[in-house]
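Data first, discussion second: the structure below is written as structure tokens.
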Amino acid sequence: MPPKSDLPQGTLDLLILKVVALGPVHGYAIAQRLQQVSRDVVQVPQGSLYPALHRLENRGLLAADWKPTDTGRDAKFYRLTRGGRAALESETASWRRLAEAVGLILRLSEGGAE
Amino acid sequence: MTWLRRLLNRDRLEVQLDRELQFHVQQHEAELVARGVDPVEARRQARLALGGPEQVKEGCRDARGTRWLGDLTQDVRYAVRMFVGRPGFTAVAVATLALGIGATTAMFTIIEGVLLKPLAYPDPGRLVTLIEQTDWSNNFGNRWSFAYPNYQDCVRDTRSLTLAAWRFNGGTVTGSGDPEYVNGLQVDPGFLGMLGIAIDRGRTFLDEDSRAGAPPVAIVSGELWARRPGSREAPLGSPVVLDSTPYTVIGVTSMNARLPGQPDIVTLLGNPESDPRGLLRNRNVHPGVQVWGRLRTGATVEQAQAELTLVGRRLAEQYPDSNRGRTFIASPLRPNVGDVGATLWLLLAAVALVLLIACANIGSLMLVRAVSRERELAMRAALGAGRGRLMRQCLTETAVLGLAGGLSGVGLAKVGVAPFIAFWPGTLPRADDIVIDGRVLMFAVVASLTSSLIFGLAPALRVPARHLDRVLHAAGRAIRGGSRRLHAVFVAAEIALAIVLLVCAGALGRSLLRLTALDAGFNVHNVLVARTAVSPTALADPSRTRAAWDGVLAAARTVPGVEAVAAVDTVPMRAGYNQNVYWTSASLPPIAERPGAIMTSVTPEYARVTGLRIRFGRFFDDHDRAGSEPVIIVDDILAQTAFGQPDVVGRQLWLPDLGPGSFTIVGVVGHVRHWGLASDDQAAVRAQIYYPFAQLPDPLVRRWSQLMSIVVRTGVPPGTLVESLRHAIRGSTSDQVMYQVQTLEDLAAASLARQRFLLLLFGTFAALALLLSSLGLYGVLAYLMLERTPEIGVRMALGARAADVTRMVLGESAGMVLVGLCVGVAGAMAASRVLQQFVDGVHGVDLSTYAVVMAALTASALAASIGPARRACRVDAMTALRQD
């Protein structure tokens, strides 16, 4: 069954990269952070978070180490690789361009309706 | 992490995945508890938030990209379980396939070893062979062995090739122990080195060894060295006496299998002992040498050819008498395996047909299974399995079956190759190179997978995609029309292929019958044939040589049981012939237009020994001597072609190769099938001329003596006289030997051995094909009738009688058989044309062969249909209807 995400295709990868860029972080924390930062707008189905993480890891954009957390438990911490940083930058830029373009079009159609 | 490492670390990755997800759930749970949620409720919520852990894991596994492998293992496991659960079906399918793939693999192993493998020399791809080619041709064609001086010019004037010449030169080895005839080569000093043949003991030839005045040296095979008494312990440097010339042995090595002609002794070209008249130095009339070469580093065949063409052009200007229109051609050196290629490829084609029949057979079995599995597959499709995934599973199953069959097949091939080589008529060339190696295994795997695709594709394509409800409702009982047509196609294909094989076997059988009944032209019973070497000391002088031959014949005549003895240079049906041109007047036409004839040099008793039929005139007698009128005897074919009439006694022929002037025909004899019972009709040159050995020109006597055989007519079984004959002809110097002792009867039988061997194998294959196709027809009919049991029940309830039901079943069978017959006959016509082209003595297939084959096939089809028909008749209407 394909995991259903409310996010546009490909956005989840970008968001994950962005969160991981702030420093090594484990899967649960990523889910938490995404939810908090987006003020609960972005509901990441946790079921699709992990396949996404593993996919990014296999593509070499993320690397992972097992490290103890503050509570002393071992967890898998993800961090950005050099490739991941490059991917984040280019993805961010293209997302910005897209958002801008979509915004322009929306404003244009509003104008047209007047 | 690479794909492979992810695959290898699968277990560790699974553990880590599990821990990661567990951590997530526990972290979530702890947070909920910290917010004041009840611990049990917290756990429930945390789990719910993550979703089904297996689904998440599957998602992560997919991300690894090794998913297909897991699927594959799963499918293979499933397939194996299923096949183990149906041992009967599996055993039949695997055995059938093993037989087909085994036979095909065995044939490929042999073809690979004999025909495809490169020569067993280092870097064989850089070896070339050179020939002379003229812009005119005659009966011998336009390609010639090299004149030694031409070869020497090529050596001097080419930069891209290392060249070495060689020629066959067998002889009699004497000294301590019995004299024996050994195969030998004469070579250039660089020959062994060029091929990369190392010397086990001692040294190889050096250029100094071939200088004028250098002592004659030889390299001998380890076998000969071990065989000669006293040699094994003898130090290198002791002599070996070949044709009464002592040679110093400078090296011993194993070389029989690695050099042409399986030589036991190698000496140097151009030593005066073996070429007293210096013929080798003659550019015009010469015995010819073979020239092999190795491309120097960086050089290509094209460069070498360009250089050779230049050399050829220059020599043509310099020596117009001998070299006008003559060029030198380099081509890659290939193993010389004679004409076995066609036979081997024919057999591979035949076993491939058997394999195809086996595939069709299994295909129809698989189809039956696919139909009965339709419901299972529909159910799985309904539950969400993709069609592609299900097809992949079906194909995996057939591949498992195919590989199981292939594996057993390789086992069978391993067992089957040795008897094949043993039963091969004569000696199969390069038999030592026949081994099951990586390429053979690759072939077996490809054959297995191709087979599984042939028999597995149709069932796999039946995986339902639409109308699942209907399939599920039908409960796998009703067979759709498409499936019945497919069954019919499989059966018809089997029958067609069987017909092709049966017709081929029939054609071979008929031609063999015809050939065996042919008149060889002489009486083959009780005749012993043996090549004979007279005392090497007698070879020095023609008159002594002739006397030595007279001595041999006289000595043989004294052996009790011998009725007549003659000497002859070439024996019918044995390899070897001497072909010359003739003309009916002194004004000879251009070389290319002179007709050729097989020349045979004989002593007077030859006609008595072989039972040659004298049609007109007389045979030779002791008055036909050197100096008397040159006489010849021709066969009826020559009489007819040259003079257009049967009685040509007293006419003249001109034989420029034998001497100037004319030769008088004193007799006409019946044609002898010199080329063998099967091949004589197809031979390019069939006319025959006999001339007395006593009148052979002196310069040729020495060479002829090395080729001559004695033929002995005996009053007792010829095999019993071999030892006494051997003893009798040894002569005063006891260095005269008989070798290659055979009987004419054996030679005649051997001339048909190829046909007999092919018939045996084709017959076996055809029988197998008939059996397989009958089984296939039986299986399909039985199944179709089982499926139609309810229908038959209804028919019988409505008043159909047993005869009607039988007619229905037979009609079903006849339809399939008829299609198969039509296609098969068309295929057989094409196949018989191929057979005609490659097997001597096979003529067009006559109608009676077709009639017999069709009768046999119809009978076996009828036999296969009777069982299902009778079962259908016994259907009880009530039981059948209740089945629903």
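Basis for what follows: all heavy atoms, side chains included, without hydrogens, waters or symmetry-related copies. Lettering of chains follows the sequences in order, A, B, ..., and the numbering in each one begins at 1.
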What is the distance from atom CD of B/Glu29 to atom OH of A/Tyr28, rounded to the nearest 0.5 Å? 10.5 Å
Roughly how far, to the nearest 0.5 Å, is the CZ atom of B/Arg19 from the CH2 atom of A/Trp66?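 Going from the CH2 atom of A/Trp66 to the CZ atom of B/Arg19 covers 4.5 Å.
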How close do A/Pro51 and B/Cys60 get, counting heavy atoms only, and between which atoms?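 Answer, listing the atom of A/Pro51 first, then B/Cys60: N-SG, 3.6 Å.
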Would you indicate whether B/Arg47, at its atom CZ, is surrounded by more than 12 heavy atoms from other residues, nucleotides or ligands within a distance under 6.0 Å?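 Counting neighbours around CZ of B/Arg47, 12 or fewer heavy atoms of other residues, nucleotides or ligands fall under 6.0 Å, so no.
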Within a reach of under 6.0 Å around NZ of B/Lys57, are more than 12 heavy atoms found that belong to other residues, nucleotides or ligands?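 For B/Lys57, atom NZ is crowded (more than 12 foreign heavy atoms under 6.0 Å).
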Specify which of B/Leu17, B/Val56, B/Val25 makes the most heavy-atom pairs with chain A at under 4.5 Å.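 Between B/Leu17, B/Val56, B/Val25, the count favours B/Val56.
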Below 30° counts as parallel, above 60° as perpendicular, anything between as tilted: where do the rings of A/Tyr50 and B/His24 land?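 Perpendicular: the ring planes of A/Tyr50 and B/His24 meet at over 60°.
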Max heavy-atom pair count under 4.5 Å with chain B, selected residue of A/Asp74, A/Leu53, A/Leu49, A/Leu56: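 Of A/Asp74, A/Leu53, A/Leu49, A/Leu56, A/Asp74 has the most heavy-atom pairs under 4.5 Å with chain B.
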Could you tell me whether the side chains of B/Gln27 and A/Arg73 share a donor-acceptor contact shorter than 3.5 Å? no
Of the backbone (N, CA, C, O) and the side chain (C-beta and beyond), which part of B/Glu31 lies under 4.5 Å from a heavy atom of chain A, both, or neither?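 Side chain only.
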